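Written below as structure tokens is the structure these notes are about.
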Amino acid sequence: MGLPPALERAIEDATAAIPAPALTKAAAELGRDYRETAVQRAPRVASDAARAAYLEVRMRAIFQVNRVLDAQLQQLCPAMDIRSVLDLGCGPGSATLAARQTFARLQTATLVDREPQWLKLAERLIAATDAPLTAAARYMAADLRGIAKLDEHDLVVISYALGELPEPARKAVVERAWESAHGAIVIVEPGTPRGFEVILGAREALLAAGACIVAPCTHRQRCPLAGADWCHFDIRVDRTRRQQQIKAGTLAYEIEKFSYLIAAHQPAAIAGGAARIIRHPLKKTGHVILDLCTGDGSAQRLVVSRRDGQSYRDARAAKWGGLWRPVIDGAT
Ligand SMILES: C[S@@+](CC[C@H](N)C(=O)[O-])C[C@H]1O[C@@H](n2cnc3c(N)ncnc32)[C@H](O)[C@@H]1O
């Protein structure tokens, strides 16, 4: 699952004016910022070279993560009709562009960022790839900390942006965002302990506001991983040749780790008691070990043996991040 070819071309055009050495240097700084700020994140994407590097080395992975989450929302809330998206802290519009790939009826988008240069880039990428959205999209230069309630949108997304706000401001931003969500809200952060902490804070605010948690949690209880571990998932993203040149000597793919939350006004269409698989299943000879976050709000380890027939076949096919049906017997 790569970027749509038109978006790849638009990124190439948008970054063409930046000399290769400047792009390589900015990409290295961006990578260092993300690693160093695993605890305190506030990446400095404040020059044309830094923004171009973001398009080249971050946007693909973030776009793919958003696609995975949009597909989950679609699967878990099949009756939800998503025609509009509000993209808060939009950057180059990664979340909006991803939503357009999933929600066939999506017609309009409002993109909000405090940096006018990001809004210009988002507008440029949308104009190059999506004529219907170009006519309908609105761009707002605003600090999320100051926004009042915005117009309602079917889907509100805060992608890799909430963690850039100082802690005391986040709760109010999540509350305003939820008030603007007619259908659902998706919040995603890097899959680090700090990213998870940001997601936990958002979860608390959304539960207090009466939201239904759609994913990853299958319950409304206290998170069983809070304070002990961090709930995160990953996807593998292929690197383009250009990306490999910019990040000289690196692999042909990268693993993007993320923590997230999807909440909605309606509950998810999942069986009561279903559990989320929160680690890579350990597929041993004759048995599979599944780490689950269960429907009653506890973290449990389930060992499924070859003797368990269909459950064993299901466990062999199971994936980190997927749902496991309500089989709690046998948890160790
Ligand atoms: C890491 S980028 C993520 C961009 C985009 N959402 C994505 O997923 O690719 C974070 C974005 O949040 C924006 N941002 C950070 N703090 C903000 C604030 N207080 N108000 C509005 N935007 C903010 C930044 O300007 C930047 O565009």
Side-chain angles (χ1 to χ4, degrees), residues 3 7 10-11 14-15 26-27 29-38 40-48 50-70 85-101 109-126 137 139-148 150 153 155-174 176-177 180 185-192 194-195 198-199 202 235 237 256-261:
L3 291 188
L7 185 54
I11 290 176
T15 59
E29 281 169 7
L30 199 60
R32 201 169 50 237
D33 274 358
Y34 270 88
R35 282 192 299 279
E36 285 173 3
T37 55
Q40 181 63 46
R41 186 164 70 87
R44 300 174 293 273
V45 185
S47 66
D48 287 347
R51 278 184 287 276
Y54 186 90
L55 298 189
E56 288 288 6
V57 302
R58 292 296 299 139
M59 188 174 172
R60 284 182 192 83
I62 290 177
F63 176 93
Q64 309 292 13
V65 167
N66 274 277
R67 286 218 58 190
V68 166
L69 302 185
D70 291 343
V85 62
L86 174 62
D87 187 348
L88 297 175
C90 64
S94 328
T96 297
L97 288 159
R100 277 287 283 172
Q101 299 292 312
T110 306
L111 297 96
V112 184
D113 205 288
R114 68 174 170 192
E115 303 290 344
Q117 296 92 332
W118 271 132
L119 293 169
K120 267 194 217 142
L121 259 179
E123 193 170 359
R124 177 173 177 168
L125 295 182
I126 288 174
Y139 300 88
M140 269 180 67
D143 191 313
L144 297 180
R145 288 170 289 182
I147 52 166
L150 293 160
H153 289 66
L155 172 64
V156 177
V157 186
I158 315 179
S159 167
Y160 292 77
L162 193 60
E164 294 199 5
L165 306 180
E167 202 278 316
R170 280 184 227 137
K171 181 168 179 272
V173 169
V174 171
R176 289 299 84 68
S180 306
I185 184 166
V186 173
I187 304 177
V188 55
E189 281 291 310
T192 59
R194 168 157 150 90
V198 173
I199 294 295
I235 56 166
V237 184
E256 177 70 15
K257 295 185 175 174
F258 59 96
S259 291
Y260 77 101
L261 192 70

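Atoms within each ligand, like the ligands themselves, are counted from 1 in listed order. All figures in this text were calculated on a predicted structure; none of them were measured in a lab.
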| task | Under 4.0 Å from a heavy atom of Tyr160: give me the atoms of ligand 1 that qualify, with their elements. | result | 1 (C), 2 (S), 3 (C), 10 (C)

| request: Below 4.0 angstrom from a heavy atom of Ser94, which ligand 1 atoms are there? Numbered from 1 as shown, please. | output: 7 (C), 8 (O), 9 (O)

| Those atoms of ligand 1 less than 4.0 Å from some heavy atom in Cys90 | 4 (C), 5 (C), 6 (N)

| said: Using heavy atoms and a 4.0 Å limit, tell me yes or no: is Gly93 in contact with ligand 1? | reply: no

| note | Tightest non-hydrogen contact, residues Ala50 and Leu30, listed as O-CD2, 4.4 Å

| message | Using every non-hydrogen atom in the two residues, find where His153 and Leu86 come nearest and quote the distance to one decimal. | response | CG-CB, 3.6 Å

| request: Please verify whether a non-hydrogen atom of Ala95 lies at under 4.0 Å from ligand 1. | output: no

| query | To the nearest 0.5 Å, how far apart are CG in Leu121 and OH in Tyr54? | reply | 11.5 Å

| field | Test: Arg67 and Asp70 ion pair at under 4.0 Å | value | no

| Hey, does Met140 have a side-chain heavy atom less than 4.5 Å from the side chain of Leu150? | yes

| query | For ligand 1, which part of Ser159 has a heavy atom less than 4.0 Å away: the side chain, the backbone, both, or neither? | reply | both

| field | Salt-bridge present (Arg58, Glu256; N to O < 4.0 Å) | value | yes

| query | Could a heavy atom of Glu115 be found less than 4.0 Å from some atom of ligand 1? | reply | yes

| request: Could you pull out the closest heavy-atom pair between Ile11 and Met59, with the gap in Å? | output: CD1-SD, 4.1 Å

| Interatomic spacing from OG1 in Thr15 to CG in Leu55 - rounded to 0.5 Å | 7.0 Å

| request: Report yes if some heavy atom in the side chain of Val68 is under 4.5 Å from a heavy atom in the side chain of Tyr260; otherwise report no. | output: no

| Would you call Tyr54 a ligand 1 contact, heavy-atom distance under 4.0 Å? | yes

| message | Can you give me the closest heavy-atom contact between Ala202 and Leu261, atom names plus distance? | response | C-CD2, 4.3 Å

| query | With atoms numbered from 1 as shown, which atoms in ligand 1 lie under 4.0 angstrom from a non-hydrogen atom of Leu144? | reply | 18 (C), 19 (N), 20 (N), 21 (C)

| Given that the side chain starts at C-beta and the backbone is N, CA, C, O, which of these parts of Asp143 lies under 4.0 Å from ligand 1, counting heavy atoms, or is it both or neither? | both

| said: Only heavy atoms of Ala142, strictly under 4.0 Å: list the atoms of ligand 1 that pass. | reply: 20 (N), 21 (C)

| Should the proximity of Ala169 to ligand 1, defined as any heavy atom under 4.0 Å, be assigned to the side chain, the backbone, both, or neither? | neither

| Does Val112, backbone or side chain, put an N or O under 3.5 Å from an N or O of ligand 1? | no

| task | Quick one: look at Leu165 and ligand 1, take heavy-atom pairs under 4.0 Å, and tell me if it's side chain, backbone, both or neither. | result | side chain

| request: Please could you name the atoms of ligand 1 that Ala161 approaches to less than 4.0 Å, counting only its heavy atoms? | output: 12 (O)

